[in-house]
Amino acid sequence: MRYLILSDIHSNLTALEAVLAQAGDGYDRVVCLGDIVGYGPDPNQVVDRVRALDPVAVVRGNHDKAGCGIDDAEDFNPVARDATVWTREQLRSENLTYLRQLDRGPLRVGDFQVVHGSLRDEDEYVFMPLEAQQSLEQAEAALVFCGHTHFQGGFVLGQDGGIEVLEPSLGSGAASSDLPLEAGAKYLVNPGSIGQPRDGDARAAFGFYDDRKRVVEYWRVPYDIKATQERMQQAGLPEPLILRLALGR
Ligand code: ZN
């Protein structure tokens, strides 16, 4: 089975369409790691598109919870909160219902698990090796996909108990990089963010996983950032959110 792994789309339809065009029909199933909405200008179109893909698993992100009113966005910064209020006003009732029924995670899919933040807390940001190690020690599968940080990469916990950072090194402009999984090691893999990358590469980030070959693929694809920025401007979304798309920060 070949899985297309989508994360942190954040209401950016142009970026999502670029990813799906690149992916073509080169996958069997779709997995979504949450934050379908928030920040971007196309909440309904993106939820519609994700629903139409009929993912085998979707976990909810903090922005999905805030966007559909499960959470109040109290802990969001003012800019994120403004975008959340706007998103909530835009979402059609069936899309609000869809977001409200999303699972918390971790979810098991085939031989891997999926979470938004981490295994122990759906809202935890895993930036540091120690956090990744503590999360992976709880893993029931040798492979866990997470989103939330908007950083493509992840961590590997070796058989000897040592933790290492995974660096896909696509910063040079390469389109993809393979990560063959070693037996006995545990992996926490972040495919990166489609709609609002923060790792310095403004291209949309996503991944594939082939469970027969046991290979994860990290991918980046350019998209029309200006088109998304223009729709954000028209919607009156906060300027810092518009500017950061072009920086990938
Ligand atoms: Zn996010």
Side-chain angles (χ1 to χ4, degrees), residues 5-16 19 30-43 45-47 49-50 55 57-88 90-91 95 98-99 102-107 114-119 121-127 131-132 135 144-154 188-207 218 220 223 225 228 232 237-238 240-245 247-249:
I5 316 287
L6 310 175
S7 193
D8 296 278
I9 305 165
H10 282 291
S11 299
N12 187 339
L13 184 66
T14 310
L16 176 60
V19 166
V30 175
V31 167
C32 178
L33 308 179
D35 278 2
I36 298 168
V37 300
Y39 298 132
D42 318 302
Q45 295 92 326
V46 166
V47 175
R49 197 75 177 89
V50 169
V58 184
V59 287
R60 63 189 191 182
N62 49 322
H63 284 265
D64 301 322
K65 287 190 286 180
C68 72
I70 292 177
D71 261 11
D72 52 15
E74 278 287 297
D75 57 338
F76 282 20
N77 65 53
V79 161
R81 206 179 307 133
D82 286 354
T84 298
V85 169
W86 182 85
T87 298
R88 214 179 284 173
Q90 301 297 311
L91 281 166
N95 284 337
Y98 176 78
L99 294 175
L102 292 178
D103 288 302
R104 175 193 294 266
L107 293 180
V114 296
V115 298
H116 181 63
S118 83
L119 285 160
D121 177 354
E122 62 179 340
D123 295 331
E124 182 187 13
Y125 290 92
V126 180
F127 277 115
E131 296 154 357
S135 195
V144 182
F145 286 101
C146 70
H148 199 35
T149 63
H150 300 204
F151 272 68
Q152 191 175 50
L188 184 66
V189 170
N190 191 324
S193 168
I194 291 174
Q196 195 204 74
R198 295 177 192 162
D199 52 9
D201 186 339
R203 296 176 297 169
F206 68 105
Y218 294 104
R220 297 307 276 236
Y223 72 97
I225 293 172
T228 298
M232 291 175 80
L237 285 160
L241 296 178
I242 299 173
L243 297 174
R244 72 185 303 176
L245 288 185
L247 306 172
R249 295 275 180 209

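When a ligand or atom number is given, it counts from 1 through the structure's own listing order.
Closest approach between the Zn ion (ligand 1) and any N/O/S atom of Asp8 involves OD1. The name of the N, O or S atom in Asp35 nearest to the Zn ion (ligand 1) is OD2. Distances from the Zn ion (ligand 1) to the N/O/S atoms of His150 are shortest for NE2.
Atom OG1 in Thr84 sits 6.0 Å away from atom NE2 in His63 (nearest 0.5 Å).
At a threshold of 2.8 Å, the Zn ion (ligand 1) has a backbone or side-chain N, O or S atom of His10 nearer than that distance.
No side-chain heavy atom of Gln196 sits less than 4.5 Å from a side-chain heavy atom of Asn12.
Aromatic ring pairs are classed by plane angle as parallel below 30°, tilted from 30° to 60° and perpendicular above 60°; the pair His150 and His10 is tilted.
Exactly one residue among Val115, Leu33, Asn62 makes a side chain to side chain contact (heavy atoms under 4.5 Å, CB included) with His148. That residue is Asn62.
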